[in-house]
Structure formats: structure tokens, C-alpha cells
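Okay, so here's the structure we're looking at.
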Amino acid sequence: MNILVIGGSRNIGYYAALRFLDAGHNVTFLLRNPSAFDSDATVKKHVESGLANLVKGDALIKSDVQNAWAASAKKAEGGVVDALIFTVGAVSSQAKFSITQGVVISPPNLVTQALLNALATLPSPHIKILTISSTGITRASKASLPLPIRALYAYLIASPHRDKLGAERLISHVAGLEWDVAEYGEVAEDVLDKEGKWKETEGLPAPGTVQNVLVVRPATLTDGECLADKAVGTQKSPYRVSEKDFKTWTVSRKDVGHLVFDAVVNRWDELRSKRINVGY
């Protein structure tokens with residue numbers, strides 16, 4: 001497969017990308033700072049082999065994202081990009097802590113705008129698109145969370161969650177997935193304008209024309225080990241995956257990376273056009 005990863009310099013995107021590379025797939029990274037991998041022997045090995053391609057650019061700049069698509073296309077015969085793994089999140093320079101508001105990201109629509117750029121420059125409606133969101137986005141999801149996690153989300157990461165909600169609104173729009181305002185709530189004005197002018201973005205696919213999508217909503221993320229690797233050969237996965245909300249506390253970034261790889265390579269027909277929760 002030929003894959004574009006946006007948001008792969010660290011965390012879920014990074015762990016998923018390594019799995020694709022180790023399995024022999026081509027991976028193009030869009031990176032604000034390609035030197036982030038200068039001391040990464042694993043990625044450097046794949047760069048030297050030609051499987052990994054590092055493209056400098058900012059996902060908030062539409063032309064940079066378009067360049068990344070073009071660079072990825074050059075890695076395959078016929079110029080076909082098979083999948084987009086979108087795992088953008090705020091880095092320390094884009095987030096600050098407020099006593100009254102918790103973590104505040106800048107710009108407030110960081111993830112949403114980056115995804116809008118990726119969708120507006122999408123070279124084909126048939127590309128597999130997997131994007132990372134979060135549990136606690138919908139009202140039902142919030143209600144299913146353990147009380148301490150619910151309180152943590154409501155205070156500490158309310159700003160990132162508003163942004164994630166905007167990104168889900170975008171992907172639901174182009175995929176033709178149901179969007180129940182009573183369940184999801186209104187997207188904040190500083191994330192997507194309420195007048196809906198974002199729908200007129202040049203290049204944005206028409207509603208329902210991009211159905212090869214999967215939204216993954218992880219529980220509270222940890223830096224723990226990949227339990228799925230330890231469970232190889234057993235019949236039970238260490239993490240749960242469901243469209244339905246369920247009570248869960250955490251999941252490691254490495255296990256979500258495992259799910260991303262498994263979903264794209266092995267389970268796409270089962271999971272496409274869904275929003276799934278993952279947690280222990």
C-alpha cells in the first residue's frame with residue numbers, strides 16, 4: 001500500500017506508521033520539522049530503504065498538504081495513494097494551560113482546519129481515510145465515561161474536544177454520515193462557522209461522495225506498551241472496539257496504532273463508514 005500520514009511525528013500516527021513500514025508499505029510523512037526523525041534509527045532505516053518519505057510542510061497550509069499528496073503519489077506506480085492516516089493533534093507550542101479553561105489550543109480549529117485542507121485536496125474519493133477523534137465527543141459517549149474521566153474531559157481538554165468535534169463534522173459531511181445535532185451538539189463558532197461557509201471550501205468533496213472513511217475514538221490515552229503484541233496467538237484482543245459507547249478508562253497510544261494498522265490492512269470492509277470507540 002501507499003500511505004500518506006499527517007500527524008505522524010509522534011504518538012498514534014508514529015506508532016501506526018512504523019507498523020506500515022515494517023510490513024513493507026510506502027509511507028509519506030507530512031512534517032513541519034523533518035529533523036524530528038534525525039535521531040530515530042528506525043525511521044532513518046526506512047528512509048534509506050526508500051519506503052519512508054519525509055515531506056516538509058504544515059497541515060494548516062493547504063498548498064503544503066497538496067504537495068504532500070503529490071509526493072505520496074510519486075511513491076507508487078500509477079500515482080495512486082491508497083490511504084490517509086490523519087492523527088493531527090496540538091504540540092506543546094500550540095497549547096497552553098489556563099486555570100479557568102484547562103488546555104487551550106491555538107488555533108482553536110487546529111485539527112479541523114488541517115483535516116479540511118486534506119479533504120479539499122483529496123486526489124480521489126476512493127482513498128481510505130482514517131482519522132483519530134476521542135471518546136467523550138457525543139452526549140451519549142460522555143454519559144458512558146467513568147465519572148473522573150468525565151470531569152477531566154469537561155475541564156482539562158474541553159478545547160481540544162471542541163476541535164475534534166469540528167473534525168468529525170467535516171468527515172461526516174463528506175461521507176454522508178448522520179449528524180444529529182441533538183446528540184453531538186453545535187460545533188463551536190471558532191472551529192467551524194455556523195453559517196456553513198466551510199461547505200463552500202474550494203475542492204471540498206460533495207456530501208456523501210467520500211464513503212471510504214473510518215473515525216477512531218480512543219479512550220484516555222496512555223504511553224503504555226502495546227498489549228496487542230503480547231496477545232498474538234490468543235483469541236481475545238486486549239482492547240475493545242465497538243460502535244456503541246462503553247465504559248472504559250484508558251488505552252495506550254501503541255495499541256491504537258496497532259488498531260489503525262489492523263483496520264486499514266485487514267478489517268477495512270468490516271469497519272469502513274463507521275465511528276468506533278476503542279479502550280480496555
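Any value given below was found using the heavy atoms of this structure, including those in side chains, with hydrogens, waters and symmetry copies removed.
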Look at the side-chain heavy atoms of Ile, Leu, Val, Met, Phe, Trp and Tyr, link any pair under 4.5 Å apart, and say whether Ile157 and Trp249 land in one connected group.
yes
Residues forming a side chain to side chain donor-acceptor pair (under 3.5 Å) with Asp262, sequence neighbours excluded:
Asn266
What's the verdict on side-chain contact (heavy atoms from CB on, under 4.5 Å) for Leu204 and Leu116, showing C-alpha distance, side-chain angles and the deciding distance?
CA-CA 8 Å; Leu204 186 68; Leu116 180 61; 3.8 Å; yes
Taking atom types as modelled, is there a side-chain donor on Tyr14 or Thr87 under 3.5 Å from an acceptor on the other?
no
CG of Leu130 to CD1 of Ile12: how many Å apart, nearest 0.5 Å?
9.5 Å
Quick one: CZ on Phe261 to CD1 on Ile3, what's the gap to the nearest 0.5 Å?
8.0 Å
Cluster link Met1 to Leu259, ILVMFWY, side chain under 4.5 Å
yes
Give a yes or no answer on whether the side chain of Lys247 reaches the backbone of Ser144 with a donor-acceptor pair at less than 3.5 Å.
no
Applying side-chain contact (heavy atoms from CB on, under 4.5 Å), run through His258 and Leu227 and close with a yes or a no.
CA-CA 9 Å; His258 177 278; Leu227 300 183; over 6 Å; no
Write down the atom of Pro218, the atom of Val216, and the distance for their closest heavy-atom approach.
CD-O, 3.2 Å
Report yes if some heavy atom in the side chain of Thr131 is under 4.5 Å from a heavy atom in the side chain of Val213; otherwise report no.
no
Which pair of heavy atoms, one from Gly279 and one from Ala219, lies closest together, and at what distance?
CA-CB, 4.1 Å
Could you tell me whether the side chain of Asn277 reaches within less than 4.5 Å of the side chain of Ser242, counting heavy atoms only?
no
Separation between OG of Ser237 and CG of Asp255, rounded to the nearest 0.5 Å:
7.5 Å
Roughly how far apart are Ile276 CD1 and Leu214 CG, rounded to 0.5 Å?
4.5 Å
Do Val103 and Ser159 make a side-chain contact, defined as non-hydrogen atoms from C-beta onward lying under 4.5 Å apart?
no
Closest contact, heavy atoms only, Ile127 versus Leu84:
CG2-N, 3.8 Å
List the steps, then state whether side-chain contact (heavy atoms from CB on, under 4.5 Å) holds for Ser134 with His161.
CA-CA 7 Å; Ser134 174; His161 266 196; 2.9 Å; yes
Residue pair Val43 / Leu18, side-chain heavy-atom distance below 4.5 Å:
yes
Just wondering, do Leu110 and Leu60 contact through their side chains at under 4.5 Å, heavy atoms?
yes
When rounded to the nearest 0.5 angstrom, what is the spacing between CD in Gln211 and CG in Leu177?
8.0 Å
Which side chain to side chain donor-acceptor pair (under 3.5 Å) pairs, counting each pair once, include a residue from residues 59-86, with sequence neighbours left out?
Trp69-Thr121
Under 3.5 Å, is there a donor-acceptor pair between the side chain of Tyr153 and the main chain of Ile137?
no
Can you list every side chain to side chain donor-acceptor pair (under 3.5 Å) pair that touches residues 163-191, not counting sequence neighbours?
Thr112-Asp163, Ser133-Glu168, Thr138-Glu183, Glu168-Arg217, Ser172-Arg275, Tyr184-Arg217, Tyr184-Arg275
Is there a side-chain contact between Asp223 and Arg253, using heavy atoms and a 4.5 Å cut-off?
yes
Minimum heavy-atom distance between Ser9 and Leu31, given as atom pair plus value
CB-CD2, 3.7 Å
Cluster check Ile129, Leu165: I/L/V/M/F/W/Y, side chain < 4.5 angstrom:
yes
In terms of hydrophobic clustering (I, L, V, M, F, W, Y; side-chain heavy atoms under 4.5 Å; direct or indirect links), are Val264 and Leu21 co-clustered?
yes
Would you find more than 12 non-hydrogen atoms of other residues, nucleotides or ligands less than 6.0 Å from Glu202 atom CD?
no
Determine whether Thr248 and Tyr239 satisfy the following criterion, side-chain contact (heavy atoms from CB on, under 4.5 Å), listing intermediate values before the conclusion.
CA-CA 10 Å; Thr248 178; Tyr239 54 75; over 6 Å; no
Taking the side chain from Thr28 and the backbone from Leu4, do they hold a donor-acceptor pair closer than 3.5 Å?
no
Linking I/L/V/M/F/W/Y whenever their side-chain heavy atoms sit closer than 4.5 Å, directly or via other members, would Tyr280 and Val260 fall into one cluster?
yes
Minimum side-chain heavy-atom gap Val251-Leu221 below 4.5 Å:
yes
Closest non-hydrogen atom pair, Ile6 against Ala118
CD1-CB, 4.2 Å
From the list Leu119, Ile171, Val111, side-chain contact (heavy atoms from CB on, under 4.5 Å) partner of Phe86 resolves to Val111
Should Val265 and Phe20 count as side-chain neighbours, where that means a heavy-atom distance under 4.5 Å?
yes
Could you pull out the closest heavy-atom pair between Ile132 and Val256, with the gap in Å?
CD1-CG1, 4.1 Å
When rounded to the nearest 0.5 Å, the distance separating CG of Asp245 from CZ of Arg139 is 13.5 Å
